[in-house]
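Computed from a predicted structure; not experimentally measured.
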Amino acid sequence: MIATRFSRTLSRSLLGGGALCVAFVLPSAAQVQTSKTVTHGEPTHSVQIERGEVVYVSGNDVMIKGEDGELRDFNNVPDNVTVNVDGQQLNVHQIKPGMKIEKQTITTTTPRVVTTVQTVTGKVWHVSPPSYVILRLEDGTNQEFNIPKGQKFMIDGKETDAFGLRKGMKVDAQKVVEEPEIVITQEVKRTGKLPPAPPPPKQEVPILVVSVPVVQPEQPATEMAAAKLPKTASDLPLIGLLGALLCAASLTAMLIRTTASRLSSPRG
């Protein structure tokens, strides 16, 4: 789109320039006074971002793998093309495979109009309307000018065409050409990120394991014996013995009561 507009602008510029040449065909350009003014329009900006990873570097040749997986070769990269990595500008000889690179292209398009005003002053020496007029210039030389269609002349502050010219009239002729142009500028910013550092290599050294015995505190002999003797006895024999003793005591008491009862009763 930009290329099409630029082509149209160039065509209009060439046509305008051609019309100017037809208006004033001068043997000496010094007799024509020229002034130019440039009017700028509102610029527009566009940003294009490309990312990739460096996969190969050799001399000034670089191969980058884009985000789409496509490999792109960049041959004969100039040394003044640098990549900003952590504040340092690295050239093609300093970048390494594995580095991530981002390229930003900022395009600024500014329309403008160049207005060219050319004037000539002289006296009519001869006129052949509507084709040409010969003027005697201020330096005394005669110059022939082709008259373009629609060209107007100022005679004593009044505007007239070629048919109103007469010999001896002082003529001020002016040609105004407006040339629209499009100025395109680009700014490229490249930033990079170094690949992560590789992990340290594993050391092939056997690990020495040292076994340290645990020292138990000394205990008294009784505690040690109690701790060592297993608990195998039961409380049942003791309970049985107590039961037997109670039974014997009960029988003894009964025997004593019986004997005492007999002795206390009267004999018959």
Side-chain angles (χ1 to χ4, degrees), residues 1-48 50 76 78 80-81 103-189:
M1 181 176 179
I2 294 177
T4 304
R5 289 189 295 174
F6 182 73
S7 177
R8 292 177 181 174
T9 301
L10 181 60
S11 299
R12 288 196 294 265
S13 301
L14 291 176
L15 291 175
L20 178 62
C21 293
V22 173
F24 302 112
V25 180
L26 303 177
S28 174
Q31 303 301 326
V32 179
Q33 298 179 358
T34 303
S35 63
K36 287 187 178 182
T37 58
V38 180
T39 304
H40 295 275
E42 187 70 22
T44 58
H45 306 277
S46 63
V47 180
Q48 181 182 6
E50 300 173 88
N76 298 322
N80 59 354
V81 175
K103 176 183 176 183
Q104 290 187 7
T105 303
I106 304 172
T107 302
T108 302
T109 304
T110 305
R112 70 179 187 180
V113 177
V114 180
T115 303
T116 303
V117 179
Q118 292 185 331
T119 59
V120 62
T121 302
K123 289 184 178 181
V124 178
W125 178 262
H126 176 75
V127 61
S128 178
S131 301
Y132 67 92
V133 62
I134 299 176
L135 299 179
R136 179 176 287 274
L137 303 180
E138 295 176 351
D139 61 357
T141 61
N142 291 342
Q143 302 280 341
E144 180 180 333
F145 299 89
N146 291 335
I147 303 175
K149 184 179 180 180
Q151 176 68 43
K152 299 298 182 179
F153 300 90
M154 297 299 296
I155 306 296
D156 296 329
K158 297 180 180 181
E159 188 177 78
T160 185
D161 57 11
F163 292 95
L165 297 179
R166 299 291 183 270
K167 185 176 181 180
M169 288 182 172
K170 186 177 180 180
V171 174
D172 292 326
Q174 186 180 76
K175 184 67 176 180
V176 179
V177 177
E178 292 185 348
E179 300 174 326
E181 297 179 352
I182 295 178
V183 180
I184 300 175
T185 60
Q186 286 188 335
E187 180 184 4
V188 178
K189 297 180 179 180

Give the minimum heavy-atom separation between [X] and [Y], together with the two atoms involved.
X: Ile155; Y: Lys170; result: CD1-O, 3.5 Å
X: Gly41; Y: Thr110; result: O-CG2, 4.0 Å
X: Ile147; Y: Tyr132; result: CD1-C, 3.6 Å

Kindly write out the residues that satisfy side-chain hydrogen bond (donor to acceptor under 3.5 Å, both in side chains) with [X], not counting sequence neighbours, or none if the list is empty.
X: Gln186; answer: Thr107
X: Thr34; answer: Gln118
X: Glu187; answer: none
X: Thr39; answer: none

Any side-chain heavy-atom pair from [X] and [Y] closer than 4.5 angstrom?
X: Gln143; Y: Trp125; result: no
X: Val127; Y: Ile134; result: no
X: Val171; Y: Val120; result: no

Starting at CG of Asn142, measure out to NZ of Lys123 and round the result to the nearest 0.5 Å.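 Answer for the CG-NZ pair, Asn142 versus Lys123, is 12.5 Å.
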Would you give the length of the straight line joining atom NZ of Lys189 to atom OG1 of Thr105, rounded to the nearest 0.5 angstrom?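 Atom-to-atom, Lys189:NZ and Thr105:OG1 are 11.5 Å apart.
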Is there any salt bridge (charged side-chain N to carboxylate O under 4.0 Å, His left out) pair reaching into residues 104-117, and which pairs are they, with sequence neighbours excluded?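 Those involving residues 104-117 are Arg112-Glu181.
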Anything under 3.5 Å between a donor and an acceptor, one on a side chain of residues 159-169, the other on a protein residue two or more places apart or in another chain? List them.
unit_1: Asp161; atom_1: OD1; unit_2: Phe163; atom_2: N; d: 3.2
unit_1: Asp161; atom_1: OD1; unit_2: Gly164; atom_2: N; d: 3.3
unit_1: Arg166; atom_1: NH1; unit_2: Phe163; atom_2: O; d: 2.9

